[in-house]
Each structure stands twice: as structure tokens, then as C-alpha cells.
Amino acid sequence: MALTKFEIAQRIAKELKNGYYVNLGIGIPTLISNYIPNDISVIMQSENGLLGMGPFPKKENVDADLINAGKETITTLDGSSLFDSAESFAMIRRGRVNLTVLGAMEVSQNGDISNWKIPGKMVKGMGGAMDLVASAKNIIVAMMHTNKQGESKLLSNCTLPITGIKCVKKVVTNLAVIDVVNSQFVLKERAPGVTTQEIVSATEGDLLVPEFVPEMNF
Amino acid sequence: MALTKFEIAQRIAKELKNGYYVNLGIGIPTLISNYIPNDISVIMQSENGLLGMGPFPKKENVDADLINAGKETITTLDGSSLFDSAESFAMIRRGRVNLTVLGAMEVSQNGDISNWKIPGKMVKGMGGAMDLVASAKNIIVAMMHTNKQGESKLLSNCTLPITGIKCVKKVVTNLAVIDVVNSQFVLKERAPGVTTQEIVSATEGDLLVPEFVPEMNF
Amino acid sequence: MNKVFKNADEAIFDVENNNTIMLGGFGLCGIPENLISALVKKGSNGLTCISNNAGVDDFGIGLLLKTRQVKKMISSYVGENAEFERQLLSGELAVDLIPQGTLAERCRAAGAGIPAFYTPAGVGTEIAENKEVKIFNNQEYLLEYAFESDFAFVKAWKGDHLGNLIYRGTARNFNPMMAAAGKITIVEVEELVPTGTLDPNHIHTPSVYVDRIFEGKNYEKRIEKMTIQ
Amino acid sequence: MNKVFKNADEAIFDVENNNTIMLGGFGLCGIPENLISALVKKGSNGLTCISNNAGVDDFGIGLLLKTRQVKKMISSYVGENAEFERQLLSGELAVDLIPQGTLAERCRAAGAGIPAFYTPAGVGTEIAENKEVKIFNNQEYLLEYAFESDFAFVKAWKGDHLGNLIYRGTARNFNPMMAAAGKITIVEVEELVPTGTLDPNHIHTPSVYVDRIFEGKNYEKRIEKMTIQ
């Protein structure tokens with residue numbers, strides 16, 4: 001069975017380590033915060049100027065001066081810090097954010113990512129995505145394996161305008177966990193019940209398939 | 001009568017305007033704060049991270065965490081702000097400090113200044129002087145007109161290693177107030193009782209002498 | 001020198017058509033509400049606005065779009081409003097999209113007297129076109145320039161009469177860098193306090209950067225996406 | 001992940017000979033006293049120290065000079081001590097003199113992932129030798145590079161267990177940029193407080209930059225020039 005977007009988030013949550021500083025993009029990545037193991041503590045960075053992003057506020061505590069990068073009202077936590085946007089991207093470019101999880105329209109086998117622009121459609125902008133993918137040391141993409149037309153989103157080359165080059169380290173889709181190694185996709189795990197062949201068919205780029213590919217566990 | 005260093009400071013104090021942010025170098029410039037007119041308020045910047053430098057503390061209020069760029073213990077004032085060294089030089093390079101007063105070994109007629117290094121002698125470093133002279137919009141040099149050997153310190157070209165080029169706007173010495181205009185010294189004021197001829201003799205660089213040169217008043 | 005103005009109308013007396021204005025804020029958080037309203041009232045047009053976002057249809061910079069005062073937006077993320085999209089598609093409005101970190105750093109550079117710097121953001125993408133590329137430690141970087149602007153419109157939480165500022169929460173965002181960058185920096189604060197009441201160690205923007213300050217009124221502080229537990 | 005260490009000795013366990021270390025402080029104000037003492041005790045040598053000043057004969061970095069652990073100083077102003085001068089003249093010690101603002105900005109760039117930037121400081125002087133010059137707005141600027149360092153030794157006033165820091169007075173100086181710049185950042189604080197006790201809006205250095213933190217002891221906080229009314 002292909003994973004739901006919640007299960008994709010749940011699988012990625014296993015990549016978190018205690019003490020990690022993490023930046024989660026909009027969409028599936030945001031869901032990850034619901035699956036953080038109880039025995040570890042991670043600190044969420046919101047690029048509009050907050051480390052230690054807490055949960056949504058109770059209605060009576062809503063504060064217009066406290067939002068996240070998705071413009072949602074949020075809260076601070078013990079140990080939070082507030083800063084300006086230059087400082088926020090300073091720590092991102094410096095490589096101090098341990099993990100960045102982003103959605104994508106396409107990922108190529110050399111780790112390029114496209115997620116900001118579709119030619120012919122209204123372009124809203126890259127926001128902080130170009131800075132994040134250019135600087136984060138550890139980037140995981142969370143996305144569906146194929147698009148709505150059933151075409152692979154894991155490609156030999158991106159067809160859409162690029163957000164960043166050679167930056168994606170790992171892709172978690174509804175079908176598989178795939179690493180990007182030496183300009184090649186490497187199949188690491190299958191979604192429960194999904195066959196290697198199904199994944200191969202759904203992957204346009206070069207996919208290295210080891211002899212034994214375990215099923216994911218959560 | 002040639003001015004004392006206190007009178008040089010007193011004369012420069014007349015250049016201050018209400019609301020000015022001012023950086024005063026070590027030596028004669030430091031004395032200027034004793035002569036600020038009562039009807040204006042100026043804010044002293046200390047490049048180690050303070051705007052609004054106050055007077056020396058009373059003995060019981062000495063605080064090792066509050067020093068100026070000369071490493072002297074000082075105080076803060078109402079309206080002071082503290083910041084790091086990057087921010088301190090950001091505001092200097094940005095041109096937000098209205099006036100910088102420095103000592104010098106030599107000034108040339110195109111506004112070059114030498115004040116950090118004497119070849120063959122132990123070099124202690126330029127500290128913040130090179131940043132200040134490269135960025136301040138309004139630089140006044142406070143110095144003696146001649147050195148201990150009686151040689152002019154106002155030269156056609158500096159002989160000592162340069163601290164900054166084309167930056168000095170005005171020189172106040174024990175003999176005169178001299179502006180730097182179009183790569184020429186222009187005599188603006190004489191010290192009380194000092195003749196134009198004395199000033200001309202003591203100035204090696206090209207000195208434009210207007211028909212009437214007033215005596216300074218304080 | 002008195003920096004204190006009575007209100008936004010008086011503080012923007014010398015804004016002219018075709019000026020470039022930086023406006024603080026992220027989404028609708030920390031935006032200079034009073035200054036935007038005054039600018040709508042004043043009617044200056046042909047403006048270039050440097051701001052991370054472009055507001056919504058009836059709030060923030062959206063108000064200046066509705067009155068067609070804006071010629072160009074320099075932003076990282078736009079289009080949360082229909083009028084913006086209409087003007088963009090019809091060619092009435094130009095947009096420069098810039099990676100958010102680069103946008104922030106170009107403001108910071110302007111405020112720090114740094115004319116240009118290198119950043120990895122955008123390497124290999126279309127925003128690298130016509131930009132100087134330089135290699136440091138075997139990695140490519142793009143040369144990016146400090147922004148130039150005629151005015152910075154800044155919103156802070158508290159400010160004193162001298163211009164020292166403290167921001168609150170994530171309303172800080174682009175405000176401090178823009179405060180430092182503006183050729184003329186105009187600040188509205190929720191609370192104008194006597195000089196000497198703010199702790200020097202807690203100041204976010206030192207007074208040296210601030211040219212004009214006033215206490216704003218009728219803050220709406222609209223919330224773009226209300227999310228609760 | 002626990003960042004809290006018992007003391008300076010344990011916090012510098014992996015410093016090696018020939019490492020490059022940034023040390024916060026201006027004069028003797030805001031220097032990492034405990035870390036310097038531990039480094040003297042550990043005896044690592046061949047060190048390159050990036051620090052605005054070099055201490056005095058019997059305090060600050062002067063202690064590391066006395067034991068001949070320093071190979072090179074990168075500073076803006078040095079020589080307040082006789083041993084420094086002796087080693088420099090004898091060729092035992094190398095010194096790189098850098099304008100103070102450039103020194104600060106090269107730390108800041110390192111902490112901000114900016115590999116290089118342009119600055120006007122030093123144009124036309126001997127420090128411009130062998131540096132790339134570029135013209136912006138008809139003015140010359142020098143290309144300056146981010147510092148690389150193995151460790152940053154930082155002194156703060158208060159810090160929490162997560163590594164959020166608040167500095168005090170002018171003891172802030174170079175500490176925040178170095179905290180951000182260090183490959184491994186080790187912080188000593190006068191008071192280590194429980195996480196959650198510092199106001200998020202007052203943090204000077206966010207925890208993300210801090211790898212190790214400990215509460216220092218026996219602070220001498222020596223005053224270089226006592227001046228009183």
C-alpha cells in the first residue's frame with residue numbers, strides 16, 4: 001500500500017535525532033512535527049525569525065506578532081529565541097540547521113530540486129526555498145512519487161525551473177525511501193506492500209536497486 | 001599664541017551640531033567632550049559597541065563590562081544602546097556617524113591621512129582607524145602643525161604608510177584651521193596672534209591663503 | 001535635533017513619486033500600518049517597494065496596489081491577493097523575485113555599508129542569470145548587491161524619542177535591516193517612550209539609524225492565517 | 001543532545017595543536033577567562049588566534065603568549081604587552097593586522113555563510129596589497145574573506161542549557177559573531193540558567209550556534225585602564 005501523506009511525514013520523523021535544529025517546509029513537511037518520537041527533543045526553526053517554534057496557540061493566546069513562515073499563528077517554547085530575517089538566514093547559510101524537509105515538484109538523480117515555478121502559471125516566488133536548498137547540509141524531500149498525470153517526479157533531469165542544484169540527499173515518497181548518491185537514485189526502503197518493480201516503473205531517473213530492499217517500518 | 005591641545009579640542013567642539021553622532025579618537029579628540037556647548041546634545045559612539053557614551057564612573061560604579069574603545073571604564077546614559085562590533089562598524093561604514101575626529105602623524109593636501117604605523121618601529125595596529133577614515137563622511141584631524149623635529153605634518157604627499165585616502169575634510173592644529181578642498185589646503189582661521197606667514201612656513205603642502213584670514217574665536 | 005513627528009502624514013512629507021521604499025514586515029506581521037495608510041492618502045505613485053511580501057487585497061501593501069501607486073515590487077513571495085495578480089498579468093506591475101535570505105542580506109549589506117557580497121542561494125537557477133559567479137572552497141557563489149532606497153518604513157514595538165527601537169515576537173523580521181538601510185528611515189511604534197526608559201542592553205535598533213519616529217495609532221494587526229489548537 | 005559541560009577543561013577536550021581559535025573580547029573586556037586558562041593548562045601549541053587584541057603580559061591571551069602556545073595572532077590592535085613585542089621582534093610570533101571593522105565583518109560573514117564581501121576599509125593602503133579591488137558607485141572596495149576557524153571561545157553573561165546567550169555591556173563586542181562563526185563554538189557564562197528563564201526577545205545569540213556551554217568560575221574581569229570621575 002502506498003503511504004498517505006501522514007505516513008510519509010511519520011517515516012521522515014524517524015530521521016530526526018535528539019537536539020536537531022529542523023526547518024520544515026509547507027505541506028507534508030509540516031505534518032512531521034506530529035510524529036516526533038517522545039524520547040527526543042528537536043527544535044523547529046521558522047525562517048521568519050524564530051527558533052523553538054511551539055504548537056498553535058489556544059484561542060485566547062493568539063498573538064498577531066507570533067507567526068511562522070507559513071503565516072500561521074504559533075507559540076514560543078522554553079528556550080525559544082527571536083531574531084531578524086538576516087540572522088535567520090545567516091544560521092541557515094552557515095549550515096547550523098541540521099535538517100531541512102521540503103516538498104518538491106521534481107527531483108533529479110543528481111540531487112537537483114524544482115519546487116518554485118511552473119512556466120505559464122502565476123509565479124508566487126521562491127520565498128526562502130532557494131536559500132535553504134543552497135545551504136542546508138541535509139535536505140530531505142517529501143513528495144508523491146508521481147504527479148497527477150501519473151508521471152514520475154524522480155527524473156534524470158528536472159524539466160521545471162530549478163530551485164537548487166545537487167542538494168537533495170534523500171527523498172521519501174508514498175512508494176519508497178530513496179537516497180541520492182553519486183548522481184544516482186538508490187532505493188533504500190519500500191512502502192509496505194509496494195514491490196520493487198512498482199517503484200522502478202514509477203521512477204524515470206536511474207535507480208539503483210540493491211538485492212534486498214526492506215520494507216519501511218515506523 | 002599657538003593653541004594648547006585643550007584649545008584645539010575646544011575649537012573642534014564648535015563643529016558639533018545638535019543631534020550629531022560623533023566618534024572621537026584617542027588623544028586630543030577625547031578632550032573635545034569637555035567643551036560641548038550646553039545648548040546642544042551630541043551622542044558619542046565608541047566602536048567597541050556603545051552609542052551614548054557617558055562620563056567616567058564614580059569609583060563605586062566602576063564596571064569592568066563597560067569600557068570605551070580606549071579601554072577606559074565609562075558609563076552609559078539615558079538613550080544609550082549596546083551592540084556588537086559588527087553592528088558598530090556597520091553604522092560607521094553606513095555613514096551614520098556624523099563626525100569622526102582623529103589624531104594624525106601626517107595629512108596630505110588631497111586628504112590622505114597617516115596615523116597608524118612608523119616603519120622601523122613596533123606596529124601596534126590600526127584598530128578601527130582604517131574603517132573610520134574609509135567610511136566617515138566628515139573627518140576632522142586634530143594634531144600639532146609640526147612634529148617634534150619642527151617638520152610640517154601638512155604635506156603635499158604623506159611619507160608614512162597611509163591609513164586612508166582622500167578622507168580628511170578639515171585639520172585643526174595648534175596654529176590654524178585648514179580645510180582640504182580640491183586637493184589643496186585652504187587656510188580658514190589663524191590661532192590668536194599667529195600670523196599667516198607663520199602658518200605658511202609651517203605648511204609643506206600647497207596652502208591657499210585667502211585675502212582675509214580671521215582669527216579663531218572660541 | 002528632534003526626531004519625533006506627530007503622525008505618519010507629517011513623517012512622510014518628502015516622499016516623492018517614483019521613490020524606492022523599503023517596507024518591513026513578513027506577511028502582515030510587523031508591517032508599518034500607519035505609514036502605508038498615509039502613503040495611500042498622499043497618493044505618491046510610480047513607487048518601487050522592497051518588501052518580503054505584497055500584502056493582501058485590502059491590507060498592507062495591497063492597499064497601495066489597489067490605488068496603483070506601485071510600479072515595481074521587489075519581494076521573495078507575492079500574490080496572496082487578486083489585484084496583484086491582475087496587475088502583474090496585465091503588465092501594469094513589475095516584480096523582482098529574490099530569494100528571501102538574499103533579500104534580507106541585501107538589506108543588511110545596505111545598512112552595513114557593504115556594497116556587495118557572495119551567497120550560494122540561487123546558484124544554477126534562473127536567478128543566477130547575468131550575475132557574477134565566483135568560486136570559494138570549490139563551491140559556486142553569486143555576487144549580490146546592497147539595495148538602494150530612498151526611504152525605509154519600519155514598524156517597531158517600542159521606541160524612545162532618540163530612536164532606539166525594540167521589536168516584539170516575529171514582527172521583527174525585516175524591520176531592523178531596513179531601519180539600518182534606509183537613506184531616510186521613518187519608524188512607527190506602538191509605544192513611544194521617554195528616552196532612558198529602554199534598557200540599553202535590549203535595544204534591537206540603535207538610535208543612530210532612525211531619522212523620524214512617531215507613535216502609530218489604531219493598529220489592526222490583522223492575522224493572515226488564524227491557527228489554533 | 002546535552003551541550004552542558006562541567007568546566008573549561010572538559011569543554012576543550014578536542015582542541016589540538018595548530019588549531020585556529022577565535023577568542024571573543026575587546027581589550028580585557030568580555031574575554032573567555034576560563035577557556036584561556038584551560039588552554040594554558042592543556043598546553044596545545046602552534047595556535048592561530050583570531051582576537052581583536054592580544055591581552056596583557058599576565059592576563060588574557062598574554063597567558064598563552066607567555067607559554068609560547070601561539071604561532072600567529074590575527075588582530076586589529078596588539079602589543080599592550082612586552083612578551084608579545086619580544087616574540088614578534090624575534091620572529092617567534094607572526095601577526096596579521098586587520099582593520100577592526102573588517103575583522104568584525106569577516107567573523108560575521110563566517111557566521112552567516114557569506115564567503116566574501118566588499119569593504120572600503122584599507123583602500124589605497126598597504127593592507128590592500130594583493131587584494132581584489134572592485135568599483136561600486138565610483139568608489140573602490142576591497143574583497144575580504146570570511147575567517148575559518150576550528151573553535152570559537154566565547155564569553156557571555158547568561159546562558160541557558162540549550163545555549164541561548166545574553167551578553168552584558170560592552171563585553172558583547174566580538175563574542176556574538178565569533179559564536180556564530182566557530183566550527184565548534186564553546187561558551188563560558190557567568191551564570192548558567194535553566195532553559196526557559198531567558199526572554200526569547202532578549203537573546204543575543206540563539207542556541208543554534210552553540211555547541212558547548214559551561215558556567216565559568218573565579219572571574220577576575222580585570223580592568224585595563226581604571227578611569228573614574
Side-chain angles (χ1 to χ4, degrees), chain C residues 30 99-102 104-123 131-148 156-158 165-173 175-177 180 183 190 198-206, chain D residues 30 99-102 104-123 131-148 156-158 165-173 175-177 180 183 190 198-206:
Chain C
Q100 195 176 139
T102 301
E105 191 67 13
R106 289 179 66 184
C107 294
R108 193 270 169 187
I114 301 291
F117 60 91
Y118 291 91
T119 178
V123 166
K131 284 185 182 155
E132 184 192 312
V133 174
K134 209 179 186 96
I135 293 172
F136 301 94
N137 290 324
N138 298 315
Q139 202 194 323
E140 288 186 358
Y141 291 83
L142 303 181
L143 181 67
E144 296 281 2
Y145 293 80
F147 282 122
E148 292 186 20
W157 179 38
K158 292 183 180 179
L165 307 179
I166 294 179
Y167 307 91
R168 183 172 176 277
T170 56
R172 197 183 318 180
N173 55 64
N175 283 297
M177 293 86 73
K183 192 183 288 175
E190 291 180 53
L198 301 176
D199 181 340
N201 210 31
H202 293 164
I203 302 297
H204 295 135
T205 292
Chain D
Q100 194 175 142
T102 301
E105 192 67 13
R106 288 179 67 184
C107 293
R108 194 268 169 186
I114 301 291
F117 60 91
Y118 290 92
T119 179
V123 166
K131 283 184 184 156
E132 185 192 311
V133 174
K134 210 179 185 98
I135 293 172
F136 302 93
N137 291 325
N138 298 315
Q139 203 194 324
E140 288 187 359
Y141 292 83
L142 303 181
L143 182 66
E144 295 282 2
Y145 293 80
F147 282 122
E148 291 186 20
W157 179 38
K158 292 183 181 181
L165 306 180
I166 294 179
Y167 306 92
R168 183 170 176 278
T170 56
R172 197 183 317 181
N173 55 63
N175 282 298
M177 293 86 73
K183 192 184 287 173
E190 290 180 54
L198 301 176
D199 182 339
N201 210 32
H202 293 164
I203 302 296
H204 294 135
T205 292

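Proteins get letters first, then strands, A, B, ... in listed order; numbering begins at 1 in each. As the structure is a computational prediction, the values presented were derived from the model and not from experiment.
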Rounded to the nearest 0.5 Å, how far apart are NE2 of C:H204 and NE2 of D:H204?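 So the NE2 of C:H204 and the NE2 of D:H204 are separated by 7.0 Å.
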If you count heavy-atom pairs within less than 4.5 Å of chain C, which of D:R168, D:R172, D:E105, D:E148 leads? D:E105
Is there a donor-acceptor pair closer than 3.5 Å between any side-chain N or O of D:H202 and the backbone N or O of C:N201? no
Check the surroundings of atom NZ in C:K183: do more than 12 heavy atoms from other residues, nucleotides or ligands lie under 6.0 Å from it? no
Give a yes or no on this: more than 12 heavy atoms of other residues, nucleotides or ligands lie within 6.0 Å of atom CD of C:E132.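 Yes.
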Which portion of [X] sits near chain D, non-hydrogen atoms under 4.5 angstrom:
| X | answer |
| --- | --- |
| C:E144 | neither |
| C:Q139 | neither |
| C:N137 | side chain |

In short, D:P120 meets C:G113 closest at the heavy-atom pair CD-O, 4.1 Å
Residue pair C:L143 / D:Y118: nearest heavy atoms and the distance that separates them: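 Heavy atoms of C:L143 and D:Y118 come nearest at CD1-CE1, 3.8 Å.
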Which of these, C:F136, C:F117, C:Y141, sits in a ring pair (Phe, Tyr, Trp, His ring centres under 6.0 Å) with D:Y145? C:F136
